[in-house]
Each structure stands twice: as structure tokens, then as C-alpha cells.
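The block underneath contains the structure these notes are about, expressed in C-alpha cells.
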Amino acid sequence: AWVPSSATGYLTRSTARIGDPWPATKWFGQDTGETPAGYLETVDLAAALPADMFDWMCSIFSAILCFIIIFALFARVITVDGESMVPTLQDQQRLIVSDMFYTPQYDDIVILYADKLVNESSGGYGKPIVKRVIGLPGDKIRIDFVKGVVYRNGEQLPDDYTNTPTNLPENFPNNQDVTVEDGKIFVLGDNRNGSKDSRSNQIGQVDMRYIMGKAYLRIWPLNALGML
């Protein structure tokens, strides 16, 4: 039925029924053949809505599927075990880790496989640990355990991300330069006096082949979500 349009002063043909969603209107030009020129026709959205919802659902499903595939192939979730990286990381936090195209850089937070550490879960040797990269091949690392200061190639490293000064020597010589070997890295935990790392004979300088990946993102708990 054609009825006056209060908005335009022209005629509109109503296709809405009682109980239908509010109708949208579309403009028809002179040659459409559907309505007289200059008239508005209402369109029932009830028929169009399911198709739009299906398209949205397909898009969302495709995005989720792509994320799952990428995650399965190139990344993994690692749970922090212990407090050796406090205050940067806390016990039981979850991290997204990837080794895709990864080359170690200074200050990277990495997951390593420590083959000489006892794995409490299995009872055998070998467990993943999380540490910070301090030295690369060829670097000279020196630690003054009295002052609690770490030097790399003669320059004092910042300690704003550490929990305590570096006073725990483990098996590392005091105030002497130690050169990082080819193919290896030197790592420390941010909780310097509560971390077993490259100062200890149980870990020492870590072969790059034992790097499981770099930690890029903290995903749990949600209030700590963020890049690393």
C-alpha cells in the first residue's frame, strides 16, 4: 500500500508487518521499475539479517582458525615456574613464546632448556627455564659481587629491571672478565640473588641450540597482559 511519507512528502509503500523489526528505506531512481520516481520503499530487515549474521560468523570463524594454525605452527604457551625473574615475571604467569626466525639480542627474555637441572615433574634431568640475555658470543662479562654490578665489555649494565643487586656469585669468578664462547649466550635472572643462571655450573653459558624461543607476550593473568 502506498502511504504518505512524513519525512519526504512523497508516497511510501509499507512492507512491514506488526512485530517486524524497524524497516530501513532505500531510494529508487527513475528507471528501476520498482516504484514511481522519487518514491521511497521500505525494506524488511528480517529477511536480510540472517544472511548478514552468517557472513559475520564466517569471518569470525576464519579469523579464529587462522590464529589457531599460526599459534600451533610458530608459537607455544610456557608457564613461568619459580621466582627467578621477579619483578619482571611472576610465578605461574603464562607467556607466548616463539623461535620463528629468532636471533638472540641483548635483554631478550628467553626460554632455555637446561639439561643439567633436575625436573621435579619427571624426576629426571632437563627442564625449561626463563632468563634474560646478558651476553652474546665474544662479549666479556664481569661481575663485581661486592658492589652487585654487572659489566659487559667494560660498561656497567642498568639494573632498573632487577629485583636486587648481583651479590650471589654461585660458581662465577668475582670481578674478572669471562668471554662468552662462540655459539653460546650468557643469561641472568632478574631476581639476581634468587636465580640459578649462567653463574652456576649447572647452567653456565647456554648453547644457542638450547634456546626454545623468545617470550613476546604475557597472557595470564589478564591484569598482567602485555608485551615483553
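Residues take their numbers from the sequence shown, with the count starting at 1.
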Find out whether [X] and [Y] are in side-chain contact, i.e. whether some heavy atom of one side chain is under 4.5 Å from a heavy atom of the other.
{"X": "Met212", "Y": "Pro128", "value": "yes"}
{"X": "Met208", "Y": "Tyr210", "value": "no"}
{"X": "Gln93", "Y": "Pro221", "value": "yes"}
{"X": "Val110", "Y": "Val206", "value": "no"}
{"X": "Leu188", "Y": "Arg132", "value": "no"}
{"X": "Ile78", "Y": "Val130", "value": "no"}
{"X": "Asp115", "Y": "Tyr125", "value": "no"}

Would [X] end up clustered with [Y] when hydrophobic side chains under 4.5 Å apart are linked, directly or stepwise?
{"X": "Met85", "Y": "Ile134", "value": "no"}
{"X": "Val118", "Y": "Ile129", "value": "no"}
{"X": "Met227", "Y": "Ile219", "value": "yes"}

Handout entry: Given Leu89, Val187, Val133, the one that forms side chain to side chain contact (heavy atoms under 4.5 Å, CB included) with Ile109
Key =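 Looking at Leu89, Val187, Val133, the match for Ile109 under the side chain to side chain contact (heavy atoms under 4.5 Å, CB included) is Leu89.
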Please name the pair of heavy atoms, one in [X] and one in [Y], separated by the smallest distance, quoted to 0.1 Å.
{"X": "Leu168", "Y": "Ser195", "result": "CD2-O, 4.4 Å"}
{"X": "Asn163", "Y": "Val86", "result": "CB-O, 3.3 Å"}
{"X": "Thr79", "Y": "Arg94", "result": "OG1-NE, 3.6 Å"}
{"X": "Ala215", "Y": "Leu95", "result": "CB-CD1, 4.0 Å"}

Taking atom [atom1] of [X] and atom [atom2] of [Y], what is their separation to the nearest 0.5 Å?
{"X": "Arg192", "Y": "Asp197", "atom1": "CZ", "atom2": "CG", "value": "7.5 Å"}
{"X": "Ile96", "Y": "Lys214", "atom1": "CD1", "atom2": "NZ", "value": "14.0 Å"}
{"X": "Ile111", "Y": "Arg76", "atom1": "CD1", "atom2": "CZ", "value": "9.5 Å"}
{"X": "Asn171", "Y": "Arg199", "atom1": "CG", "atom2": "CZ", "value": "10.5 Å"}
{"X": "Thr179", "Y": "Asp139", "atom1": "OG1", "atom2": "CG", "value": "9.0 Å"}
{"X": "Ile185", "Y": "Ile211", "atom1": "CD1", "atom2": "CD1", "value": "3.5 Å"}

Practice task
Take Val149 and Thr166 through the side-chain contact (heavy atoms from CB on, under 4.5 Å) test and state the conclusion after the steps.
Solution key: CA-CA 6 Å; Val149 176; Thr166 311; over 6 Å; no
[X] (side chain) donor-acceptor with [Y] (main chain) under 3.5 angstrom:
{"X": "Asn193", "Y": "Asn167", "value": "yes"}
{"X": "Arg142", "Y": "Lys140", "value": "no"}
{"X": "Asp99", "Y": "Tyr102", "value": "no"}
{"X": "Asn191", "Y": "Glu83", "value": "yes"}
{"X": "Asn119", "Y": "Gly126", "value": "yes"}
{"X": "Ser200", "Y": "Lys196", "value": "no"}

Side-chain H-bond candidate by donor/acceptor type, [X] with [Y], under 3.5 Å:
{"X": "Asn175", "Y": "Tyr151", "value": "no"}
{"X": "Ser84", "Y": "Lys131", "value": "yes"}
{"X": "Tyr113", "Y": "Asp207", "value": "no"}
{"X": "Thr88", "Y": "Asp190", "value": "yes"}

Exercise for the section: Take Val180 and Leu136 through the side-chain contact (heavy atoms from CB on, under 4.5 Å) test and state the conclusion after the steps. Expected result: CA-CA 6 Å; Val180 181; Leu136 300 174; 5.9 Å; no
Handout entry: Proximity of Phe172 and Phe186 rings by center, below 6.0 Å
Key = yes
Problem - Worked verdict on Asn174 versus Ile143 for side-chain contact (heavy atoms from CB on, under 4.5 Å) - result: CA-CA 6 Å; Asn174 180 48; Ile143 304 178; 6.0 Å; no
Exercise for the section: Flag yes if more than 12 heavy atoms outside Tyr161 fall under 6.0 Å of its OH atom; otherwise flag no. Expected result: yes
Problem - Heavy-atom neighbours of Asp182 CG exceed 12 at 6.0 Å - result: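 No.
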Exercise for the section: Flag this pair as yes if the NZ/CZ of Arg152 is under 6.0 angstrom from the six-membered ring centre of Tyr106 and inside a 45 degree cone about the axis; otherwise no. Expected result: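 Ring-cation test returns yes.
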